[in-house]
Asker: 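This is the structure, below, for whatever I ask next.
The shown structure was predicted, so the numbers you read here are calculated from the model rather than taken from an experiment. Residue numbers begin at 1 in each chain, while the letters A, B, ... track the order of the sequences.
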Protein chains: 2
Amino acid sequence: MATLAEIAKKAGVSSAVVSRIVNNDTSLRVSEETRSRVKAIVREMNYAPNVAAQSLRSSKSGTIAFVVHDVANPVYGEILRGAQEEAERQNRAILLGDAAVGGVSNSRLAQMIGGGGVDGLILQAAGLQADNMIFKAADKNIPVVLLQSAFGTDGHLIQLPDTEAARMATQHLWDLGHRKIGCLATTEGLTFTRDRLRGWRDVVGADVDDSLIVFSSPLAVEGEAAALKLFARHPDMTAMVCFNVIAAVGALRAARARGISVPEELSIISIHDVKFAGDLWVPLTVVRMPLSTLGEAAIKAVCKTEPAGRMREVVDAHPTLVLRASTCPPQR
Amino acid sequence: MATLAEIAKKAGVSSAVVSRIVNNDTSLRVSEETRSRVKAIVREMNYAPNVAAQSLRSSKSGTIAFVVHDVANPVYGEILRGAQEEAERQNRAILLGDAAVGGVSNSRLAQMIGGGGVDGLILQAAGLQADNMIFKAADKNIPVVLLQSAFGTDGHLIQLPDTEAARMATQHLWDLGHRKIGCLATTEGLTFTRDRLRGWRDVVGADVDDSLIVFSSPLAVEGEAAALKLFARHPDMTAMVCFNVIAAVGALRAARARGISVPEELSIISIHDVKFAGDLWVPLTVVRMPLSTLGEAAIKAVCKTEPAGRMREVVDAHPTLVLRASTCPPQR
DNA sequence: CGGCATTGGTAAAGCGTTTTACCAAAGGCG
DNA sequence: CGCCTTTGGTAAAACGCTTTACCAATGCCG
């Protein structure tokens, strides 16, 4: 690895000159001959500036930590993809964290967050204990952006139009004629869960029976269990809103297990689309939101938010209804 | 952000002492009283060592670059998940790269790879130009691990038992009685594509008609197009091996579009399992391989490989046949 | 009481950049 | 010829940490 000093010696100049040439410092006055000689040597020796030294000097790492829950979940994959694209534009690299993986608290990632190794932190669907650790590590020193769910009152929260999406999904069922509409919600207490519940209530009525709500993490097995619970409670339920596609897949399994035909006996609509939603056993009708836009917005925000800033932002994008085959008017 | 020097001043000792206490340097002889006083101040001031400085001093970043193609692809998601877990154990953080995102060549990630900002590089090569750029950036200075596909003759290649998996898949069809078995392969020229083709040939015969092979990237649309091509060429084909699940989903779409029933008129088997494979329109029979183990192995390897080392390694894991509903004996 | 070992530390270099402040030499002008 | 300006740079500090080599004071032994 060539260093600035080596280049400088070879070119017979000081390392300051080399640095300033490499960085296109316009305030440097240097002869055209020297400049091109230095440039040639830089290229020839394949010089690349040492990022640790740059980072130490400038207190900027060019890196952003992005902590999700379960990388393997395609929904998060989409968000990450959008984040990647924006990070590229902002010339930042993304340090990936998975809060589902044990011991995040004293992981290298946490060390980096606490030790100035990242310029910002994006925390998705905060709510777990691990999130707390990570959040604390940031300790008011770097901008923190919370995705989809707030963490107490701190940080910069970015959301999708969750209430609107849930309202749209529920309204679709209502318009088809359904009146007993269950709700397979996401994890209890998260901001977007609360917002979507509000959207659901806007349609079914504020005085609705709360036993129509059941919570589930975004895993198919959990969604299945939750759906079964709902079937048991309300055998006369004719439709269901799922706040998560993966949980909706679980609901589909539950319906099949109970011999309930979808959509004839039970209509299912879900929030968020994934690529395979139309290839499922019953192609899922969904309300789609631009997940990659959310990732993009997160990076944008983290690049210009102040440390310890707090605000709330809803991505400017309209949910769209994607009609497939999992909903129809009630048959009984 | 507290620094070592600040702590030292407050404790009335030199920063060397603080550093050595923080790092549990056993060769340091210090009074118990001083030690606990320093420790108390460290905690109180919430000290976290500056990672840039550590990195500069030690020439180790504690970071590994992991470059995949398309984070949103669930197959890569699984690999990443395994990598995350192992990275946690090795106390390393993962810098995520997506080679599908434009301009990787002069991205921050590439700068970090070239500038000592990562301790190793894991590259899931797909024959893209971007791969080349990234690979070159590493420039013999850090260990490079290639996943699933080699890059010329350099680097440390890690694979799954691809030939065996393809053989197993094809054999399953053969045993059911199929004799005209198409092959929807992955991108041409990649190591694992070649290996799987070998497995396929092992069963169908080395002298088989090459027009039974069609290549596709791991996208459903591409898989669909490729499958249609195959249908047109060989209307009498009764079974198909897909080297990628996502492409297999495309094949399913193609069959539906052509009114070909699966599995009665066409059996489909795929390599690699994903969580929703059993929830598809036709539940896919697959040969499963441990994707997360591959991710794990990659991290392990990159942590102990020499820079510029080269070798080839096959993950020690046996593919297993997962029977679902997309295969049956030929009906004609 | 002189010499030696132990205790409890310290000083300083060095990792590679960036940046501010400074400066010698040459040329131009009166 | 003396002074000023421009050209073409340079010197050195600072970022925060780690580590090697060194050392003063004290206690102990003979």
Asker: Should the pair A:E85-A:R81 be classified as a salt bridge under the 4.0 Å nitrogen-to-oxygen rule?
Answerer: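 Here A:E85 pairs with A:R81 in a salt bridge, since their nearest N and O are under 4.0 Å apart.
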Asker: On DNA chain C, nearest-nucleotide positions of A:M1 versus B:S15: which is more 5'?
Answerer: B:S15
Asker: Under 3.5 Å, is there an N or O donor on one side and an acceptor on the other linking the side chain of A:R20 and the base of C:dT17?
Answerer: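 Looking at the base of C:dT17, it does not pair with any donor or acceptor on the side chain of A:R20 (distance under 3.5 Å).
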Asker: With a non-hydrogen cut-off below 4.0 angstrom, is B:S19 in contact with a base, only sugar-phosphate, or nothing?
Answerer: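 B:S19: base contact, heavy atoms under 4.0 Å.
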Asker: In this structure, how many angstroms lie between the C1' atom of C:dG8 and the CZ atom of B:R35, rounded?
Answerer: 11 Å
Asker: Categorize B:D25 for me: base, sugar-phosphate, or nothing, with a 4.0 angstrom heavy-atom threshold over every strand shown.
Answerer: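 If one applies the 4.0 Å heavy-atom cut-off, B:D25 turns out to touch nothing in the nucleic acid.
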Asker: Rounded to whole Å, how long is the line connecting atom CD of B:Q54 with atom C1' of D:dC15?
Answerer: 14 Å
Asker: At 4.0 Å (heavy atoms only), tell me whether B:T3 reaches a base, stays on the sugar-phosphate, or touches nothing.
Answerer: sugar-phosphate
Asker: If you check the A:R57 side chain, which of D:dC17, C:dA11, D:dC15 turns out closest?
Answerer: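 The closest nucleotide is D:dC15.
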Asker: Could you pick out which residue, A:L28 or A:A53, lies toward the 5' side of DNA chain D when each is mapped onto its nearest nucleotide?
Answerer: A:L28
Asker: Using side-chain contact (heavy atoms from CB on, under 4.5 Å) as the criterion, point out the one residue from A:L121, A:L96, A:L95, A:D98 that pairs with A:L109.
Answerer: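 Passing option: A:L95.
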Asker: Over how many whole Å does the gap from A:E6 atom CD to C:dT17 atom P extend?
Answerer: 9 Å
Asker: Specify the separation, in whole Å, of atom CG of A:L56 and atom C1' of D:dC15.
Answerer: 4 Å
Asker: Base, sugar-phosphate, or nothing for A:T34, non-hydrogen atoms under 4.0 angstrom?
Answerer: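 Sugar-phosphate contact only - A:T34 comes under 4.0 Å of backbone atoms but never of a base.
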Asker: Verify the contact: side-chain N or O of A:S58 to OP1 or OP2 of D:dC15, cut-off strictly under 4.0 Å; return yes or no.
Answerer: no
Asker: To the nearest Å, how far apart are B:N50 CG and D:dA14 C1'?
Answerer: 13 Å
Asker: Would you indicate what A:V17 reaches in the nucleic acid, counting non-hydrogen atoms under 4.0 angstrom: base, sugar-phosphate, or nothing?
Answerer: base
Asker: Taking all atoms of both residues into account, what is the closest heavy-atom pair of A:R92 and A:I64, and its distance?
Answerer: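 In terms of heavy atoms, the two residues are closest at CG-CD1, 3.8 Å.
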Asker: Go through the side-chain N and O atoms of B:Q159 and B:E313 and say whether any donor and acceptor fall under 3.5 Å apart.
Answerer: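 No donor-acceptor contact under 3.5 Å links the two side chains.
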Asker: Atom CG of A:L4 to atom P of C:dT17: distance rounded to whole Å?
Answerer: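 Rounded to the whole Å, the gap is 5 Å.
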Asker: Return no unless some side-chain N or O of B:S31 is found under 4.0 Å from OP1 or OP2 of C:dG9.
Answerer: yes
Asker: Once you round it to whole Å, what is the distance between P of D:dC15 and NZ of A:K60?
Answerer: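 Spelled out: NZ on A:K60 to P on D:dC15 is 16 Å.
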Asker: How far apart are the closest heavy atoms of A:A11 and A:V38, and which atoms are they?
Answerer: CB-CG2, 4.0 Å
Asker: Within this structure, what is the CZ-to-C1' distance between B:R29 and D:dT26, rounded to whole angstrom?
Answerer: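 Between C1' of D:dT26 and CZ of B:R29: 16 Å.
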